[in-house]
There are 2 protein chains.
Amino acid sequence: MTRLITVAAAQLGAIQRADTRESVVARMIALLENAHRRGANVVVFPELALTTFFPRWYVEDLDEADHWYEETLPSPATQPLFDAIRRYQMTCYLGYAEIAHEADETGVVRKRRFNTSVIIAPNGEIVLKYRKVHLPGHKEFSQIRKVQHLEKRYFEVGNLGYPVIRAPVGNVDGVNLGMLLCNDRRWPEAWRELGLQMVELVMLGYNTPAMNQENRGFEAHYLRNFHSQLSIQAGCYQNATFGVGVAKGGIEDGFELMGHSIIVNPQGEIMAMATGCEDQVIVADCDLGMCELGRNTIFNFAQHRRLEAYSRITTQTGSVAPPVWTPSGNS
Amino acid sequence: MTRLITVAAAQLGAIQRADTRESVVARMIALLENAHRRGANVVVFPELALTTFFPRWYVEDLDEADHWYEETLPSPATQPLFDAIRRYQMTCYLGYAEIAHEADETGVVRKRRFNTSVIIAPNGEIVLKYRKVHLPGHKEFSQIRKVQHLEKRYFEVGNLGYPVIRAPVGNVDGVNLGMLLCNDRRWPEAWRELGLQMVELVMLGYNTPAMNQENRGFEAHYLRNFHSQLSIQAGCYQNATFGVGVAKGGIEDGFELMGHSIIVNPQGEIMAMATGCEDQVIVADCDLGMCELGRNTIFNFAQHRRLEAYSRITTQTGSVAPPVWTPSGNS
């Protein structure tokens, strides 16, 4: 039987610093309704979808920034979104800033902050949670940067690994669902962790700026979208999975965001792309049977992967200089 | 000081089964001369560059196939190539089938066969050897295939890892050089092993057919070149390295090979592409300083990689099914 689901990328236009949660949730509900009208079973929202991308603003004391985070989900402000998910019977990916009161590595319970995404079931339950592992940027105020990028200040490194879960989507009994967040998409390690769990749909939100404000060393601005798409397309192809990359677009608090959300198939082909910079839905029918070709042939991991050749990947964090060759002088 | 080298991809047209080593070496020398005339310091030849792609032909007894392999390098037939390398003062990558009489894992010395590449210095010395890790295809004669792909029969899995070495190229004192072979390019693990050794130029030859003769499950033929380029472009971008992917083209023993050799920069951009199907040289100037932008910012591995999230990559060869979600029924 064909395992067909209809996937929607719900790209958000800019969310200004002054915008209320309630106004953003109302926009997201309108996108859900639009996706439902277009036959979608799954809707993917961006990273930190409920607020502006606040890590561009420095605060000395993080407690002053608590208002950007969610301590519970749903909260009074987000309850209408959960109600709409139930109403439209959607599976939904949502990125948000999370405060959790939980034990750290030393066993001490404290207030912890993560850049988080969840999969929400059509009945409103949380199916799976992921916390961003590859936090870009820096922790302290940078004098040399024109724009701060303080994700390493606002968030701890995610501690849930790269989980995959099999859950019903639309009429399909079980779909293997995984999540990434923003910068994760550039890291093949993250995609492979999901691929090794037979992921069939990778959901991924981001807040990438359209321009490199720093640009120490030359990088043409148009390459930023190319790099994003290249990474997602390669990740999908090399792990035989569908992928949905969902951006914010437009001018947010003075900075242009990248837009160009895409839905990609297991061949790495772009099936749909958002070309606007406002709130916008794109959809694509995804035949999950397409994941089998790669998985059973060229990317049959059991047949072809060679762990003994990969040891640097998990024993060496940074790069090391190679040995220097010297001619023997015998030639 | 600018660290500039000029890199040539020396794409070979078809090599028929009846062609002699001497005739192929003469073609390669003509390509070297062409590359020299165009200012190249490095020339990259394809995988198994001295023969037809013989793993498409089944033999019961491998000893009957010894004539496809090199027991020494240079041999009388390949000595003129080494002489030309010295004459033109080139650094050269050469793929060939290797017979080595060496100890296996059990300590027994025996005749062993590898799909191998070497870097040859301008003085004719072998700088570095690599033996292909990701052997595609199968080991036994396949009744269901229209065309055999017997790399797993003809070769053992490479046992040298993914070495990188720093050697002079042209006027540059030291360039970090690494190698891949064919199917390796689809595996981000292979690229990352090289990236973790600060590789600046990945040399890579292949023999990929232009069409999927089997195509159990639909894959449009034009996707084959897309997949090849996607993998090389992503590998270069995600490891901040230049890459040279060199194909054979034309109709070889009845089968069309892919051609479309490319030279790619650390941004993942294609700088040059071969569009013919015959013996052909493309060149590009590569400013090795370009590797630093990625290495020091978005792909600063020491700052951003998180080994604790990558454990499946080196502990789990094949993929495993994820857990199944069941609703709590409390919603």
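Letters go in sequence order (proteins before strands), and every chain restarts at 1.
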Which region of [X], side chain (C-beta onward) or backbone (N, CA, C, O), has a non-hydrogen atom less than 4.5 Å from a non-hydrogen atom of chain A, or is it both or neither?
| X | value |
| --- | --- |
| B:Phe299 | both |
| B:Ile119 | neither |
| B:Asn183 | side chain |
| B:Pro168 | side chain |
| B:Pro136 | backbone |

For the candidates [options], which exhibits the highest count of non-hydrogen atom pairs separated by less than 4.5 Å from chain A?
| options | answer |
| --- | --- |
| B:Lys152, B:Glu292, B:Met290, B:Gln303 | B:Lys152 |
| B:Pro322, B:Ala321, B:Gly318 | B:Pro322 |
| B:Thr314, B:Val127, B:Leu196 | B:Leu196 |
| B:Ser311, B:Ala190, B:Pro188 | B:Pro188 |

Say you draw a straight line from [atom1] of [X] to [atom2] of [Y]; how long is it, rounded to the nearest 0.5 Å?
| X | Y | atom1 | atom2 | answer |
| --- | --- | --- | --- | --- |
| B:Ile165 | A:Thr326 | CD1 | OG1 | 8.0 Å |
| B:His304 | A:Trp187 | NE2 | CH2 | 6.5 Å |
| A:Ile298 | B:Asn212 | CD1 | CG | 8.5 Å |
| A:Trp191 | B:Gln238 | CH2 | CD | 10.0 Å |

Considering only heavy atoms and a distance below 4.5 Å, find which of [options] pairs most often with chain B.
| options | value |
| --- | --- |
| A:Asn176, A:Leu223, A:Val133, A:Leu177 | A:Leu223 |
| A:Gln316, A:His134, A:Glu193 | A:Glu193 |
| A:Glu189, A:Arg166, A:Met198 | A:Glu189 |
| A:Ala167, A:Ser231, A:Gly174, A:Gly161 | A:Ser231 |
| A:Arg295, A:Glu269, A:Gln197, A:Glu308 | A:Gln197 |
| A:Val320, A:Val324, A:Val157, A:Val164 | A:Val320 |

Practice task
Please identify each residue that fulfils ring-ring contact (aromatic ring centres under 6.0 Å, His included) with A:His227, with sequence neighbours left out.
Solution key: B:Tyr237
Handout entry: All ring-ring contact (aromatic ring centres under 6.0 Å, His included) counterparts of B:Tyr162, not counting sequence neighbours
Key = B:Tyr130
Give the minimum heavy-atom separation between [X] and [Y], together with the two atoms involved.
| X | Y | value |
| --- | --- | --- |
| B:Trp325 | A:Ile126 | NE1-O, 4.1 Å |
| A:Ser319 | B:Gly195 | CB-O, 3.7 Å |
| A:Gln267 | B:Phe226 | O-CE2, 3.4 Å |

Problem - More than 12 heavy atoms from other groups under 6.0 Å of CG on B:Asn296 - result: yes
Problem - Neighbour count >12 (heavy atoms, 6.0 Å) for atom CE, A:Met211 - result: no
Practice task
Kindly say whether A:Leu230 contributes a backbone atom to a donor-acceptor pair with the side chain of B:Gln233 at under 3.5 angstrom?
Solution key: no
Practice task
Look at the side chain of B:Arg305 and the backbone N and O of A:Ile313, then say whether any donor-acceptor pair between them is shorter than 3.5 Å.
Solution key: yes
